[in-house]
Amino acid sequence: MRIASWNVNSIRTRVDRVVDWMVREDVDVLAMQEIKCKPEQFPIEQFEEAGYELAIHGLNQWNGVAIASRSPIEQVETSFAGMPGFLKGLEGPDQPQEARAIGATVDGVHVWSLYVPNGRSLGDPHYTYKLDWLAALADYTRGQTTARPEVPFALMGDFNIAPFDEDNGDPVVVEGLSTHVSPPERQAFFTLENAGVTDVVRPRVPEGYTYWDYKQLKFPRNEGMRIDFILGSAAFAEAVTSASIHRNERKGVAPSDHVPVLVELALGGDDEDLPMIFG
DNA sequence: ATGACCACAACATGTGGA
């Protein structure tokens, strides 16, 4: 199974690039973030013509997540247990949830497409929301990896955190003063990993960014950030055979500001890509 | 080379992005 994650920054603007890339890279499952539309606005036909079915969670023009898959998408969820909500100007537990998470099971793999809140700035209510959201995700993850360790489980998405100093090449983003690199955000990321998942891309692709701001020649200057990750449980991680960050997708006409990250899995009983052995 | 923000709703400009 070839499974990938990509913050597409509007699927309606990007559908041709996204589907072309999926077909070209033989992608079986894609977790998308920032689709920026409701399900009825999603360009479903172009995915179906390429052989993919979809699970879509979008409430308005903001955020939005989806999963595309060649195999049936089962047990779809549009939030994890304890996921906080947010509404500007409204405090407390009654804030509505946003479209930032969709989970499903595909070919026995339990996958999540996640768009972690941005945080906006240190001290903003959105920053507290981000930390709370990540803490709830860690609790949920610990529950899943503990209760069902045999099920390959993965958190895929735009985490909006650069966990290590070398993950930030953008001089505008200042250690200690900006979101994405503040110690509490990094601690929240490590707490998530301690809940039973590990970055399955970094050991195979030690260097490289996944995001470059559209402004100020960030991409030509290679002033980007590594903030998009695939975090897999032990059962998921031990099935990974390769990983890649598709930097070329930041080039060309109308790119997203993020690029896809992809891993290949060799699952038990997954022999579709292997030659038949006789005798 | 990859080039000096982009997408959305709405129709001017504000919000959000990281």
Side-chain angles (χ1 to χ4, degrees), chain A residues 5-18 21 32-43 56 58-66 85-90 95-96 98-100 114-131 133-134 157-186 188-189 207-229 245-261:
Chain A
S5 178
W6 195 355
N7 179 324
V8 298
N9 186 19
S10 172
I11 192 57
R12 287 180 287 177
T13 297
R14 218 77 63 203
V15 59
D16 291 342
R17 275 196 78 132
V18 171
W21 178 80
M32 286 170 270
Q33 302 87 39
E34 283 209 88
I35 62 171
K36 291 188 170 178
C37 67
K38 302 174 185 178
E40 60 267 31
Q41 299 172 307
F42 195 104
I56 302 164
L59 297 171
N60 49 43
Q61 71 270 41
W62 306 120
N63 316 308
V65 284
F86 184 83
L87 187 62
K88 196 174 179 179
L90 185 65
Q95 295 178 92
E98 299 182 300
R100 295 182 176 275
L114 302 171
Y115 180 44
V116 175
N118 170 292
R120 296 182 185 162
S121 62
L122 308 190
D124 192 292
H126 210 262
Y127 181 78
T128 306
Y129 169 50
K130 180 179 192 175
L131 296 177
W133 201 94
L134 288 161
D158 175 358
F159 287 79
N160 273 323
I161 298 170
F164 302 101
D165 289 353
E166 58 266 33
D167 296 334
N168 176 30
D170 187 337
V172 172
V173 179
V174 181
E175 312 285 332
L177 296 177
S178 307
T179 59
H180 298 66
V181 294
S182 74
E185 289 168 86
R186 287 175 167 172
F189 186 85
E207 296 185 5
Y209 305 129
T210 63
Y211 159 85
W212 297 260
D213 198 308
Y214 288 121
K215 289 181 287 191
Q216 299 169 300
L217 289 170
K218 295 291 189 191
F219 184 59
R221 296 176 190 274
N222 196 29
E223 295 176 348
M225 303 182 82
R226 186 194 279 231
I227 56 177
D228 299 271
F229 302 103
I245 297 174
H246 290 244
R247 190 177 185 280
N248 282 346
E249 289 309 305
R250 187 64 177 79
K251 302 178 184 179
V253 178
S256 171
D257 43 2
H258 295 251
V259 296
V261 294

Value in whole Å for how far the P atom of B:dA18 lies from CG of A:Asn63: 9 Å

Enclosure of A:Glu207 CD (heavy-atom neighbours >12, cutoff 6.0 Å): no

N/O (side chain, A:Arg14) to phosphate O (OP1/OP2, B:dA7) under 4.0 Å: yes

Most 5' of A:Pro117 and A:Pro220 on DNA chain B, judged by nearest nucleotide: A:Pro220

A:His258 vs B:dA18: side-chain N/O to OP1/OP2 distance below 4.0 Å: yes

All side-chain contact (heavy atoms from CB on, under 4.5 Å) counterparts of A:Ala66, not counting sequence neighbours: A:Met32, A:Ile35, A:Phe42, A:Ile56

Below 4.0 Å: OP1/OP2 of B:dC6 and any side-chain N or O of A:Ser256: no

Protein-nucleotide distance (A:Phe219, atom CZ; B:dT2, atom P), rounded to Å: 8 Å

Partners passing side-chain hydrogen bond (donor to acceptor under 3.5 Å, both in side chains) against A:His246 (at least two apart in sequence or in another chain): A:Trp21, A:Ser244

Distance below 4.0 Å between A:Ser10 side-chain N/O and B:dC8 OP1 or OP2: yes

Inter-nucleotide C1' distance (B:dA12, B:dC8), Å rounded: 14 Å

Pairwise C1' distance, B:dT13 and B:dT2 [rounded to whole Å]: 31 Å

Worked verdict on A:Glu185 versus A:Leu122 for side-chain contact (heavy atoms from CB on, under 4.5 Å): CA-CA 10 Å; A:Glu185 289 168 86; A:Leu122 308 190; 4.1 Å; yes

B:dA18 phosphate, OP1 or OP2, under 4.0 Å from A:Tyr115 side-chain N/O: yes

B:dA4 to B:dG17 separation - P atoms, rounded to the nearest Å: 24 Å

Phosphate OP1/OP2 of B:dC6 contacted by A:Asn9 side-chain N/O (<4.0 Å): no

Atom-pair distance (CD on A:Glu98; C1' on B:dG16), nearest Å: 11 Å

Presence of donor-acceptor pair under 3.5 Å, side chain of A:Asp213 and base of B:dA18: no

Pairs under 3.5 angstrom, nitrogen or oxygen only, protein versus nucleotides 9-15 of chain B, please.
residue, atom, partner, partner atom, Å
B:dA9, OP1, A:Arg12, NH2, 3.4

Selected nucleotide, minimal atom distance to A:Asn160 side chain, candidates B:dA7, B:dA18, B:dG17: B:dA18

Whole angstrom value for the distance that separates P of B:dC6 from CG of A:Leu217: 11 Å

Rounded interatomic separation in angstrom, taking CG from A:Asn118 and C1' from B:dC6: 15 Å

Gap in Å between the two P atoms, one belonging to B:dA10 and one to B:dT15, rounded: 15 Å

Length of the line joining A:Asn7:CG and B:dC6:C1', which is rounded to integer Å: 12 Å

Sugar-phosphate only, base, or nothing, as touched by A:Thr179 at under 4.0 Å among non-hydrogen atoms: nothing

Ring geometry between A:His258 and A:Tyr211 (parallel below 30°, tilted from 30 to 60°, perpendicular above 60°): tilted

Short N-O contact, A:Asp124 and A:Lys88, less than 4.0 angstrom: no

side-chain contact (heavy atoms from CB on, under 4.5 Å) evaluation trace for A:Asn168 with A:Glu175: CA-CA 9 Å; A:Asn168 176 30; A:Glu175 312 285 332; 3.7 Å; yes

No-hydrogen, no-angle side-chain donor-acceptor test under 3.5 Å, A:Glu34 and A:Asn9: no

Between P of B:dC5 and CD of A:Glu223, the distance in whole Å: 13 Å

Which residue lies more 5' along DNA chain B, comparing A:Ile227 with A:Asn222 via nearest heavy atoms: A:Asn222

Per A:His126 side chain, nearest of listed nucleotides B:dG17, B:dA18, B:dA7: B:dG17

